[in-house]
Amino acid sequence: MSGPLKEGETIKDRYKVERLIGEGATGFVYLVTEISNPAITWAVKEIVSSLPAGAEQSEILEQFQRECAILQNLNHTGLPKVGETFSEEERHYLVMEYIDGENLLLKLKIRESPFTFEELLPVISQLTSILEYLHGQDPPVIFRDLKPSNIMITAKGRVKLIDFGIARHFTPGKVRDTYIMGTPGFSAPEQYGKEQTDPKSDLYSLAVTVYFLLTKEDPEKFAFKFPPVTQFNSTVPQWLSAVLSRALEEDREKRFPSVGEMLKEIRKNVHSESKTAFSLPPQPQAPAPVSDTAILFWKLFSSVTLSGASVLVLRYDWGIPLGLIFAAGAFLFTLALFFDFFASHGKRGSAGQGIPPLIPLCAGIVCAIVLFYPLRSCYAKLTPPPRDVYGDCVRNLESIGVACELYAGDNGGLYPPALDKLAPRYIEKIPACSLTGQEGYYYQTDGGAAYTVQCKGRHKEEKAPYFPQYSSSKGLSRQN
């Protein structure tokens, strides 16, 4: 095979080669710019037919022409758009949309651990949308080479399926494929010459891809006999392990009828988990035994705090009724403190003896007034928050993110124009942040390719307030 074109060379007097971005057994892929407008970039696939004439050359050219014909008739956001196809002597070209991103194989290699299911859910949803589109063509298009290296993730988190080099149209009634092609480990058993590949073959490859990304285990070593995915990754839900095991059945009649049915099963379980998370409150824990001294201390602390609150409310004219309520509470706690104090010490006030009953009460009120100003500055530190509002917000944002991906799976990879479009089909209701109440979340989309959901509330972690947010490209993050 002739060598690749060099940087700066031109193709068809229209495209300038910027660099080589891919190389295979039969050709090359270049990043090029249009000579008339260098701001426009393309990916150009080149096949060199300098081999001696024969069956192998004929097969290569035939497959390249089939790839060009298939791609020219497809239009989906998850597939590269085709510019044109042409030939120059022994070189044949396919000009396609250049996809700026990384493939999933490279992303997996730089990680210390496999992907989590939550990270893969947007990818599964978008891949299913692409495969459903291909399988819905007339005749259906069978991709046949679904694997991590052929799945590109753009900078905005969108999934693009590349390399239709061995894709083919399904032919009803045909016994088997003309050529045995595919990637060992990721290809379905029927791709090895036994039967004709069909949409269930891509379903199998999708399941292998998910299995591999969840485990980092080479699928070829299993020889079509995959153990449960939980054997290698205990964080994977049992229901997902069962879904993958069914999709990986060697007998394709035992697999899901389609990729859409597999995604439907995933959505059902994810929706069930999300609904449970929203509808079931946290289980209360039995309080630890409290000593009499601790009870006495908290009554004293409560009386002082309520006294300070009443002074604050009345001092700044926030409402006399509210101030009187705080003052009454302080009085009742101080009175309870009085009886507990004398009961625990065996001293009860009587005429001319003991401690006059008003002394502890007055002492408590005076103490509250004296301690008001220092208490005002440290009250937040002395009183722990009633619950982990940030933890609640994280769960809310993750559930909203899952609902957005389920919506995108049903709408060609596009996200909803507004959060209220998610309820009640994809999420029972849009939750409110525990800290902000009914103010809810701020949602922004660029028209379908990406989205961001951000909490309006300010949460405290140490001394820095931040805004939690969830996006289609970065997942959960914090904006300081």
Side-chain angles (χ1 to χ4, degrees), residues 1-51 60-61 63-107 109-110 123 126-127 130 133-134 143 145 147-167 412-414 446-450 472-474:
M1 182 177 69
S2 301
L5 298 176
K6 294 181 174 58
E7 180 181 332
E9 289 193 70
T10 61
I11 304 173
K12 200 184 178 183
D13 294 328
R14 179 180 176 183
Y15 306 101
K16 177 185 175 182
V17 176
E18 297 296 330
R19 58 185 171 90
L20 179 70
I21 58 176
E23 182 176 353
T26 60
F28 310 95
V29 180
Y30 308 98
L31 171 64
V32 305
T33 55
E34 290 194 7
I35 296 175
S36 61
N37 187 354
I40 300 177
T41 59
W42 296 92
V44 174
K45 184 172 184 178
E46 176 192 59
I47 297 295
V48 182
S49 58
S50 59
L51 297 171
I60 292 172
L61 290 177
Q63 191 61 49
F64 178 71
Q65 292 167 355
R66 184 183 300 115
E67 178 182 6
C68 295
I70 288 175
L71 282 173
Q72 284 179 313
N73 293 312
L74 298 176
N75 183 21
H76 190 280
T77 56
L79 301 175
K81 294 179 174 60
V82 174
E84 62 175 327
T85 63
F86 57 89
S87 299
E88 286 187 332
E89 298 180 353
E90 296 178 342
R91 297 177 183 266
H92 311 274
Y93 296 96
L94 170 62
V95 182
M96 300 175 292
E97 170 192 4
Y98 172 66
I99 300 172
D100 186 13
E102 288 184 312
N103 67 58
L104 276 178
L105 183 60
L106 291 178
K107 284 183 170 290
K109 285 182 177 180
I110 63 176
V123 177
Q126 294 179 64
L127 279 175
I130 299 170
Y133 172 78
L134 294 176
F143 188 69
D145 201 20
K147 56 185 178 182
S149 59
N150 284 343
I151 302 170
M152 296 289 292
I153 308 296
T154 70
K156 292 185 176 181
R158 303 303 301 160
V159 173
K160 297 277 189 176
L161 194 57
I162 63 171
D163 197 351
F164 277 68
I166 65 170
L414 300 180
D446 63 357
S472 57
S473 58
K474 297 181 181 179

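The figures that follow rest on heavy atoms only: side chains count, while hydrogens, waters and symmetry mates do not.
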Could you walk me through whether R91 and I11 pass the side chain to side chain contact (heavy atoms under 4.5 Å, CB included) check? CA-CA 10 Å; R91 297 177 183 266; I11 304 173; over 6 Å; no
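The salt bridge (Lys or Arg N to Asp or Glu O under 4.0 Å) contacts involving residues 27-39 comprise R14-E34, where partners must be two or more places apart or lie in separate chains.
Nearest heavy-atom pair, M96 versus W42, reported as atom, atom and distance to 0.1 Å: O-CE3, 3.1 Å. The two atoms that bring A43 and V29 nearest to each other are CB-CG1, 4.5 Å, heavy atoms only. Looking at every heavy atom in both residues, P38 comes nearest to T33 through O-CG2, 3.5 Å. The two residues D163 and F143 have their closest heavy-atom pair at O-CZ, 3.2 Å. Nearest heavy atoms, F28 versus L20: CB-CD1, 3.7 Å.
The side chain to side chain donor-acceptor pair (under 3.5 Å) test applied to N150 returns D145, not counting sequence neighbours. Residues forming a side chain to side chain donor-acceptor pair (under 3.5 Å) with S87 (at least two apart in sequence, or on another chain): H92. Applying the side chain to side chain donor-acceptor pair (under 3.5 Å) test to K156 and every residue at least two apart in sequence or in another chain returns nothing. For I35, the side chain to side chain contact (heavy atoms under 4.5 Å, CB included) partners at least two apart in sequence or on another chain are T10, K16. For K147, the side chain to side chain donor-acceptor pair (under 3.5 Å) partners two or more places apart in sequence, or in a different chain, are T183. For the side chain to side chain contact (heavy atoms under 4.5 Å, CB included) test, no residue two or more places apart in sequence or in another chain qualifies with T77. Residues passing the ring pair (Phe, Tyr, Trp, His ring centres under 6.0 Å) test with Y98, sequence neighbours excluded: none. Every residue was checked against the salt bridge (charged side-chain N to carboxylate O under 4.0 Å, His left out) condition with E7, not counting sequence neighbours, and none meets it. With sequence neighbours excluded, the residues that form a side chain to side chain contact (heavy atoms under 4.5 Å, CB included) with K12 are E84, F86, E88. Partners of Y30 according to the ring pair (Phe, Tyr, Trp, His ring centres under 6.0 Å) rule, which considers only residues two or more places apart in sequence or in another chain, do not exist here. Shown here are the side chain to side chain contact (heavy atoms under 4.5 Å, CB included) partners of K160, two or more places apart in sequence or in another chain: E97, I99, M152, T154.
Rounded to the nearest 0.5 angstrom, Q65 CD and T85 OG1 are separated by 9.0 Å. The structure places CG of L134 at 9.0 Å from CD1 of I70, a figure rounded to the nearest 0.5 Å.
Screening Q126, K107, E102, R158 for a side-chain contact (heavy atoms from CB on, under 4.5 Å) with I153, the sole residue that qualifies is K107.
Other residues, nucleotides and ligands contribute at most 12 non-hydrogen atoms within 6.0 Å of the CG atom of D13.
Residues V17 and V44 form no side-chain contact, since every pair of their non-hydrogen atoms from C-beta on lies 4.5 Å or further apart. Counting only heavy atoms from C-beta outward, the side chains of L161 and I151 approach each other to under 4.5 Å.
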